[in-house]
**Q** 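My questions will all concern the structure given below.
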Amino acid sequence: MRFMLFSGRTIRQGNAVESKLSPEYRDATSVLSMTPFDMMEAGLDEGDAVLVSGPGGQVVLTVKADEHLPAGHVFLPYGPYANHLTPTETHATGMPDYKAIPVEVEPAEGKPVTVWELMRDLGGVPHAP
Amino acid sequence: MLLKDVVCPYCACLCDDLDVTVEGNRVTGVDNACDLGAHKFQAGNRLPGPVRPTEKGWDRVSREEAIGFTVDMLLSADRPLIYGWSTTSVEAQSLGIHIAEEIGGVVDATTSVCHGPSILAIQEVGHPGCTLGQVKNRADVVIYWGCNPIEAHPRHLSRYTMYSDGFFLENAFKERTLIVADIRPTESANVADEFVHLKRGGDYAVLSALRAIVRGKTGSIPSHVAGVSRAQLLRIGEVCKNAKYGAFFFGMGLTQTVGKYKNIRNAIELVDELNRHTKWTLTPMRGHFNVYGFNEVCTWVTGYPYAVDFSRGMAFYNPGETTAVDILARKECDACLVVASDPAAHFPRAAVEHLAEIPVVQIDPVVNATTAFCDLQIPVAVTGIDAEGTAYRMDGVPIRAKKILDLGYPADSEILREVYQQIRDRKKVREVKPV
Ligand code: SF4
């Protein structure tokens, strides 16, 4: 199903932002909020895994209900998971479309990978003390 | 030991009334801070010293080697990018800009992915700004548009608006009217007197409708504008016109959505329109601790607030071309120095991919997502915790942050000063030596 994704700050994401490699940060930034109606239409329950595909790429997330979202919209906290979907186009402003990302959401297996795994996928070398 | 009036190094509210208890060179208690600020004082995961990845793992290197590597990288690059700056002091920011000038590089800040569009709009139509003290003491109508201060700037309401009594408002909670405009009912919307629930991408249209109403052109307003009823728009128009002093705050709900800087231009023009009736001001809800400071320093030094390219031998500014995301997406830079930010976590995937293909040095206290792309990371003190330094609050007021711990790390300004000095020394050698 197609949705419009917008990303933004949350207090959980803000609290974990100083330790981006922690499970808390992953849990705070890899949860996709959807309206309960859209979840029902997509055959999803709270905590299910979804594969989200956007103009920037694909990423597996878990889903949670948020009755306050506008229908047809999904929300993801700022962070590397949202940025895996975000395109680089800035429309000559320097600012990507962090709050207007067309995405496809489908049921999936598994759970969100760690931030290190996301970075490895982009060619990074995770730090090991 | 109890330290009074400590400045919080997390967000651009720069609360300067924190009580911090320090025992044995460790923070054991933080009073007056919100959750975000308290976490920052107690965060661990500092890197012990400079590190670089090798085939066998991550090796420690000396400070001298680390500075030498950084200087080599910057001097041998054709198109170096120097990026970050939002969580460090203006002293460090100033050195970063001078380094960029010295090497003919591009210097950009996290501004380009937060309130860059606000600056573009301000450059077009001006900034009707004020200090937060004015808001606290005078504002009887407050608008938060496309921002959620309860989650992003948790003490903004209690220090400056709804829950803060002021000189002319003895019972602020009762005397102030709070209007929140957003595409979803946020925590901040829950405490508002009036919630303007607009459709995504409808900000420009709703702001235009309010401008028409304030001008007295109510006949042209249709029954709904981007999901907002005519009746509500007329009501808000009246509240705004009848304010004694109105304060319009806005966040990335305006800067990052469709229309970007045009939304902010329209908001400024609404404030301009309202000033024909009463007094109104507008303030961007700047996010990080000292992101605003970079714009101040960069403007003094170069004439431009961010995204400055020195490759022509003079300062050139063209957001969309000289901004970090665009430069990385075009795979244009051939080296990157990151200071006090984490672009790998906050830039779109394709922009981050280029970081894996070029040499990257990061100057940052903690291991973060950008560490994975580093050829070298130099840990430094956190400004406002174990280094002092000046930062600019979201309203442009400079505040001196204290050093409250000594953990043995250098301030980023110390490292940058050495890098700058070595670059200048090496260039001098090159200049005098016959080829
Ligand atoms: S509102 Fe911002 S500056 Fe104030 S305590 Fe919270 S995080 Fe720190």
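Atoms considered below: every heavy atom in the structure, side chains included; atoms not considered: hydrogens, waters and symmetry mates. The shown structure was predicted, so the numbers you read here are calculated from the model rather than taken from an experiment. Letters A, B, ... are given to chains in the order of the sequence lines, protein chains preceding strands, and every chain is numbered from 1.
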**Q** What residue, out of B:Thr371, B:Asp326, B:Thr323, has the most heavy-atom pairs lying under 4.5 Å from chain A?
**A** B:Asp326
**Q** For B:Phe347, is it the side chain, the backbone, both, or neither that has a heavy atom closer than 4.5 Å to a heavy atom of chain A?
**A** both
**Q** Considering only heavy atoms, which portion of A:Pro126 lies under 4.5 Å from any heavy atom of chain B: side chain, backbone, both, or neither?
**A**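 Contact with chain B is through the backbone of A:Pro126 alone.
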**Q** Count the heavy-atom pairs under 4.5 Å between each of B:Pro348, B:Gly320, B:Ala324 and chain A, then report the option with the highest count.
**A** B:Pro348
**Q** Given a strict heavy-atom distance threshold of 4.5 Å, which part of B:Leu328 is in contact with chain A: side chain, backbone, both, or neither?
**A** neither
**Q** Between B:Arg184, B:Arg60, B:Gln256, B:Glu151, which shows the greatest number of heavy-atom pairs under 4.5 Å with chain A?
**A** B:Gln256
**Q** Which region of B:His153, side chain (C-beta onward) or backbone (N, CA, C, O), has a non-hydrogen atom less than 4.5 Å from a non-hydrogen atom of chain A, or is it both or neither?
**A** side chain
**Q** Between CG of B:Asp35 and CZ of A:Arg12, what distance do you get to the nearest 0.5 Å?
**A** 12.5 Å
**Q** Closest approach of B:Tyr306 and A:Thr93, non-hydrogen atoms and distance?
**A**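 Between these two residues, the closest heavy atoms are OH-O, 4.5 Å.
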**Q** Less than 4.5 Å to any heavy atom of chain A: does that hold for the side chain of B:Val113, its backbone, both, or neither?
**A** both
**Q** Under 4.5 Å from any heavy atom of chain A, what part of B:Leu120 do you find: side chain, backbone, both or neither?
**A** side chain
**Q** Given that the side chain runs from C-beta out, which part of B:Pro48 has a heavy atom under 4.5 Å from chain A: side chain, backbone, both or neither?
**A** neither
**Q** Of all the residues in residues 42-54 of chain A, which have a heavy atom that comes within less than 4.5 Å of a heavy atom in chain B?
**A**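 Residues of residues 42-54 of chain A touching chain B at under 4.5 Å: none.
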**Q** Looking at chain A, which one of B:Ala152, B:Ala350, B:Ala369, B:Ala329 has the largest number of heavy-atom pairs inside 4.5 Å, strictly under?
**A**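 Heavy-atom pair counts peak at B:Ala369.
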**Q** Counting only heavy atoms closer than 4.5 Å, note whether A:Tyr81 contacts chain B via side chain, backbone, both or neither.
**A** neither
**Q** Please say whether more than 12 non-hydrogen atoms of neighbouring residues, nucleotides or ligands are located less than 6.0 Å from NZ in B:Lys262.
**A** yes
**Q** Go through the structure and list residues passing side chain to side chain contact (heavy atoms under 4.5 Å, CB included) with B:Ala381, not counting sequence neighbours.
**A** B:Asp386, B:Ala387, B:Tyr409
**Q** Go through it in stages, so that I can follow the logic: the residues are A:Val125 and B:Phe373, the test is side chain to side chain contact (heavy atoms under 4.5 Å, CB included), and I'd like the CA-CA distance, side-chain angles, deciding distance and then a yes or no.
**A** CA-CA 6 Å; A:Val125 179; B:Phe373 300 91; over 6 Å; no
**Q** Name the region of B:Pro117, side chain, backbone, both or neither, that has any atom closer than 4.5 Å to a heavy atom of chain A.
**A**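 Only the side chain of B:Pro117 comes within 4.5 Å of chain A.
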**Q** Do any of residues 21-37 of chain A have a heavy atom less than 4.5 Å from a heavy atom of chain B, and if so, which, in residue order?
**A** A:Leu21, A:Tyr25
**Q** Report the distance from atom SG of B:Cys11 to atom CZ of A:Arg9, rounding to the nearest 0.5 Å.
**A** 8.0 Å
**Q** Considering only heavy atoms, which portion of B:Thr370 lies under 4.5 Å from any heavy atom of chain A: side chain, backbone, both, or neither?
**A**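 Neither; nothing under 4.5 Å.
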**Q** When only pairs under 4.5 Å are counted, which of B:Arg200, B:His197, B:Glu187 shares the most heavy-atom pairs with chain A?
**A** B:Arg200
**Q** Which answer fits B:Val367, side chain, backbone, both or neither, if we ask what part of it has an atom under 4.5 Å from a heavy atom of chain A?
**A**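 Both parts, heavy atoms under 4.5 Å.
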**Q** Do you know which two heavy atoms are closest between A:Pro70 and B:Ile183, and how far apart they sit?
**A**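 Smallest heavy-atom distance, with atoms named: CG-O, 3.5 Å.
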**Q** Please flag which part of B:Glu353 lies under 4.5 Å from any non-hydrogen atom of chain A: side chain, backbone, both or neither.
**A**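 Interface part for B:Glu353: both.
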**Q** Under 4.5 Å heavy-atom distance to chain A, tell me which part of B:Ala351 shows up: side chain, backbone, both or neither.
**A** both
**Q** Considering only heavy atoms, give the residues of residues 105-124 of chain A separated from chain B by less than 4.5 Å, sorted numerically, with 'none' for an empty result.
**A**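 Contacts with chain B: A:Val115, A:Trp116, A:Met119, A:Asp121, A:Leu122, A:Gly123, A:Gly124.
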**Q** Given that the side chain runs from C-beta out, which part of B:Cys114 has a heavy atom under 4.5 Å from chain A: side chain, backbone, both or neither?
**A**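 It is the backbone, since no side chain atom gets that close.
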**Q** Answer yes or no: does atom OH of B:Tyr261 have more than 12 heavy-atom neighbours from other residues, nucleotides or ligands under 6.0 Å?
**A** no
**Q** Can you tell which part of A:Tyr98 gets under 4.5 Å to a heavy atom of chain B, answering side chain, backbone, both or neither?
**A**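 Both parts, heavy atoms under 4.5 Å.
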**Q** First locate atom NZ of A:Lys99, then atom CE of B:Met252, and finally report the distance between them rounded to the nearest 0.5 Å.
**A**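 The CE atom of B:Met252 is 6.0 Å from NZ of A:Lys99, to the nearest 0.5 Å.
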**Q** Report yes or no: do B:Arg349 and A:His84 form a side-chain donor-acceptor pair below 3.5 Å?
**A**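 Judged by distance alone, the side chains do pair up.
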**Q** For a side chain to side chain contact (heavy atoms under 4.5 Å, CB included) check, start with the C-alpha distance between B:Val325 and A:Met95, then their side-chain angles and the critical distance, and finish with the verdict.
**A** CA-CA 8 Å; B:Val325 167; A:Met95 171 71 84; over 6 Å; no
**Q** For B:Lys260 and A:Thr90, which heavy atoms make the closest approach, and how far apart are they?
**A**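 Scanning both residues completely, I find the closest heavy atoms to be NZ-O, 4.4 Å.
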